[in-house]
Structure formats: C-alpha cells, structure tokens
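Quick note: numbers below take in every heavy atom, side chains included, and nothing from hydrogens, waters or symmetry partners. All values reported here derive from a predicted model rather than from experimental measurement.
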Amino acid sequence: MSPETMIEDITGLLEVWVAGWAGCRGYQTSAEGRFPAALRADTSGEWEYFASDPTDDEFASLAARTAEAPARGLTILTNDIERYSALAGRHGLNITSYSQTMMIVDMETQDAEDPWLSDDDLELFLSEQNGVHYAEVRSGDTVAASGRVFVVGDTAVFDKIITEPGFQRRGLGSFIMRALAAQAFEHDVETGLLLASVDGQKLYSHLGWSTVSRVLMLSASHNGADLSLS
C-alpha cells in the first residue's frame with residue numbers, strides 16, 4: 001500500500017503501526033471495538049489502547065477501559081487535540097503527552113545501501129531475532145546509538161531510535177535510520193512508519209519523512225511515556 005493510500009485511511013495506518021510497534025517489542029495485541037490495543041508486558045504490564053479520531057461514544061468506551069487501571073494508557077491519533085483533550089477531562093483522564101507525531105515516508109526515497117561509519121572508534125552491529133531487525137553502534141563495549149525495525153506487509157515500522165547523550169550531534173541517529181532501512185529492504189517494503197518525539201521530528205523530516213497526525217497520550221494517572229522510546 002502506498003503512503004498516499006495509507007494517509008487516506010488513518011485507522012488502517014494506525015493498525016499497521018501498532019502491529020509493527022508491538023512486533024518490535026514482542027507485545028501481545030488485541031482489539032477494543034474497531035481499534036487496536038497492545039499489552040505493554042515489559043513496562044507497565046498493562047494495556048495501551050489506540051484510536052484515530054474516535055466518535056464521542058467510542059472515546060467514552062475506551063476511556064472507561066483505560067480508567068480501570070492507573071497504568072493503562074489511551075493514545076489518540078488526531079489533528080484535533082483540543083476536542084480530545086476536552087473529552088479526556090470529562091472522562092477523568094489526564095494528558096500525559098501531546099508533542100509526538102506519527103510520521104510516514106515512501107521507502108523508495110530512502111537509501112537501500114548499508115551505510116558506513118567515518119569514525120574508526122565506532123562499529124556497527126546488525127542482528128535479527130523473531131522478525132525484528134536491530135542496529136547498534138558501539139564504542140568499545142558502550143552502546144552509542146541503537147534502533148529496530150519490524151516489517152508488516154509492505155510497511156517498515158521503525159522503533160526505539162536512540163542516540164545516547166554522550167554521542168549526540170555526531171549524525172548517529174541518521175546513521176541508525178539508514179542501517180535499519182537497508183535491513184528493511186530485505187523485504188518488499190513500500191512505506192515507512194514511526195512515532196516521533198519532538199527531537200526525532202527534526203531528524204526524520206531531514207531524512208524525508210512527513211507528519212501524518214499528532215498524537216495525544218492519556219491516562220487515569222499523571223504518568224506517561226514516550227511510546228517511541230519507552
């Protein structure tokens with residue numbers, strides 16, 4: 001499915017992203033109505049519910065499920081943050097984040113070749129396990145940058161793109177993305193998807209990615225996390 005077609009079906013795009021994000025992390029997935037959910041077994045141990053521009057009734061149902069446990073979360077893809085923030089308040093949910101975005105790219109615009117490191121002190125390590133492709137840049141025994149990608153159909157879902165503080169501003173984020181893209185091209189991919197933090201949005205825009213939707217994260221507690229990292 002082309003990026004243009006996916007953008008026309010945001011709910012379908014959300015389902016693909018959740019499948020890829022859960023695949024990257026080994027999460028169990030389920031459905032809540034017409035929307036996906038994932039069990040965050042390695043962090044909260046609770047369900048995260050996802051929806052794209054739900055109706056008021058759908059939101060009420062998802063909010064009720066979310067409020068059953070403080071560690072549960074509800075993530076909404078929407079460009080109408082104000083509307084869903086107001087609905088959250090009516091249903092007793094707190095906003096834990098509204099700065100992330102869903103981003104997309106046509107993989108034909110990405111480099112299919114393995115990148116090379118110009119710094120002799122750094123080394124790239126690639127691996128694959130259970131369908132997840134991993135890339136790590138290390139300085140000796142220290143991990144400098146890392147990331148992973150999981151392919152769902154013809155879509156590559158990128159996740160946990162991290163450059164450690166002592167190695168930032170050296171182009172390693174771009175390098176990891178290129179290394180992961182090269183691995184993704186082992187499959188017949190057309191589209192790339194990811195969830196981006198504020199800092200990540202600058203990097204991915206530079207690499208040709210574009211924003212599809214803003215992301216609103218909600219919880220019955222005040223504890224939230226960056227889904228792209230945590």
Side-chain angles (χ1 to χ4, degrees), residues 1 3 6-7 9-32 34-54 62 65-66 71-78 96-105 107 110 127-135 146-162 173 176-177 180-181 183-184 187 189-201 203-204 207 209-219 224-230:
M1 187 183 297
M6 293 183 75
I7 290 173
D9 178 16
I10 298 297
T11 299
L13 180 151
L14 175 64
E15 290 174 354
V16 171
W17 177 80
V18 170
W21 177 73
C24 276
R25 297 163 184 241
Y27 291 164
Q28 173 188 344
T29 58
S30 183
E32 190 69 28
R34 66 186 179 99
F35 296 119
L39 181 61
R40 302 189 67 184
D42 62 341
T43 54
S44 67
E46 270 292 351
W47 287 95
E48 183 90 22
Y49 302 104
F50 301 87
S52 58
D53 288 316
L62 289 166
R65 293 286 284 154
T66 303
R72 288 185 180 178
L74 172 58
T75 295
I76 306 292
L77 259 63
T78 184
T96 58
S97 172
Y98 57 86
S99 61
Q100 298 177 64
T101 61
M102 180 75 74
M103 300 188 77
I104 194 169
V105 75
M107 290 297 290
Q110 303 299 290
S127 61
E128 185 271 333
Q129 185 175 4
N130 298 323
V132 185
H133 295 275
Y134 299 88
S146 59
R148 58 188 72 177
V149 64
F150 187 88
V151 174
V152 179
D154 58 8
T155 302
V157 179
F158 295 75
D159 186 40
K160 285 202 171 194
I161 311 303
I162 301 170
I176 286 290
M177 287 296 292
L180 291 172
Q183 291 187 83
H187 309 265
V189 294
E190 295 183 7
T191 305
L193 277 179
L194 55 73
L195 207 65
S197 65
V198 173
D199 289 339
Q201 291 161 34
L203 165 65
Y204 307 131
L207 296 176
W209 293 66
S210 57
T211 295
V212 175
S213 174
R214 295 181 65 186
V215 178
L216 177 66
M217 293 175 57
L218 305 167
S219 174
D226 185 338
L227 290 180
S228 65
L229 301 176
S230 62

- Query: Got a second to check how far Met102's CE is from Leu193's CG, nearest 0.5 Å?
  - Reply: 6.5 Å
- Quick check: are there more than 12 heavy atoms from other residues, nucleotides or ligands sitting under 6.0 Å from OH of Tyr98? no
- Query: Hey, what do you get for CD1 (Ile76) to CZ (Phe50), rounding to the nearest 0.5 Å?
  - Reply: 10.0 Å
- Check: Val105 and Met107 side chains under 4.5 Å, non-hydrogen atoms: yes
- Give, for atom CZ of Arg148 and atom NZ of Lys160, the distance between the pair rounded to the nearest 0.5 Å. 5.0 Å
- Pairwise distance CH2(Trp17) to CD1(Ile10) - rounded to 0.5 angstrom: 13.5 Å
- Query: Where do Val215 and Leu77 land on the side-chain contact (heavy atoms from CB on, under 4.5 Å) test, with the steps shown first?
  - Reply: CA-CA 5 Å; Val215 178; Leu77 259 63; 4.2 Å; yes
- Note on the structure: Heavy-atom nearest pair, Ala135 first then Ile176, reads O-CD1, 3.8 Å
- Message: As an exercise, state the distance from CG of Leu74 to CD of Glu48, rounded to the nearest 0.5 Å.
- Response: 7.5 Å
- When rounded to the nearest 0.5 angstrom, what distance separates CG in Leu195 from OG1 in Thr101? 7.0 Å
- Which residues pass the side chain to side chain contact (heavy atoms under 4.5 Å, CB included) test with Ser99, sequence neighbours left out? Ser97, Val198
- Item | Partner residues of Gln110 under the side-chain hydrogen bond (donor to acceptor under 3.5 Å, both in side chains) criterion, sequence neighbours left out | none
- Item | Residues forming a side-chain hydrogen bond (donor to acceptor under 3.5 Å, both in side chains) with Thr78, sequence neighbours excluded | Asp53
- Identify, with sequence neighbours excluded, every residue that meets ring pair (Phe, Tyr, Trp, His ring centres under 6.0 Å) alongside Tyr49. none
- Message: Looking only at the side chains, is there a donor atom on one of Gln201 and Thr211 sitting less than 3.5 Å from an acceptor on the other?
- Response: no
- Message: If the condition is salt bridge (charged side-chain N to carboxylate O under 4.0 Å, His left out), which residues does Glu15 pass it with, not counting sequence neighbours?
- Response: none
- Go through the structure and list residues passing side-chain hydrogen bond (donor to acceptor under 3.5 Å, both in side chains) with Ser52, not counting sequence neighbours. Thr11
- Partners passing side chain to side chain contact (heavy atoms under 4.5 Å, CB included) against Ala22 (at least two apart in sequence or in another chain): Tyr27, Thr29
- Message: On a heavy-atom basis, which atom in Val149 and which in Ala156 lie closest, and how many Å separate them?
- Response: CG2-CB, 3.8 Å
- Who are the salt bridge (charged side-chain N to carboxylate O under 4.0 Å, His left out) partners of Arg72, not counting sequence neighbours? Glu46, Glu68
- For Ser30, what residues pass the side chain to side chain contact (heavy atoms under 4.5 Å, CB included) criterion, not counting sequence neighbours? Trp47
- Item | All side-chain hydrogen bond (donor to acceptor under 3.5 Å, both in side chains) counterparts of Thr66, not counting sequence neighbours | none
- Any side-chain heavy atom of Asp159 within less than 4.5 Å of one from Phe150? no
- For Tyr204, which residues count as a side chain to side chain contact (heavy atoms under 4.5 Å, CB included) partner, sequence neighbours excluded? Met103, Ile161, Met177, Leu194, Ala196, Trp209
- Minimum-distance pair of heavy atoms, taken over all atoms of Thr96 and Ser219: CG2-CB, 3.9 Å
- Checking side-chain contact (heavy atoms from CB on, under 4.5 Å) for the pair Ile104/Leu13: CA distance, chi angles, key distance, verdict? CA-CA 10 Å; Ile104 194 169; Leu13 180 151; 4.0 Å; yes
- Task: Determine the minimum heavy-atom distance between Gly192 and Phe158, stating which atoms define it.
- Result: CA-CE1, 4.3 Å
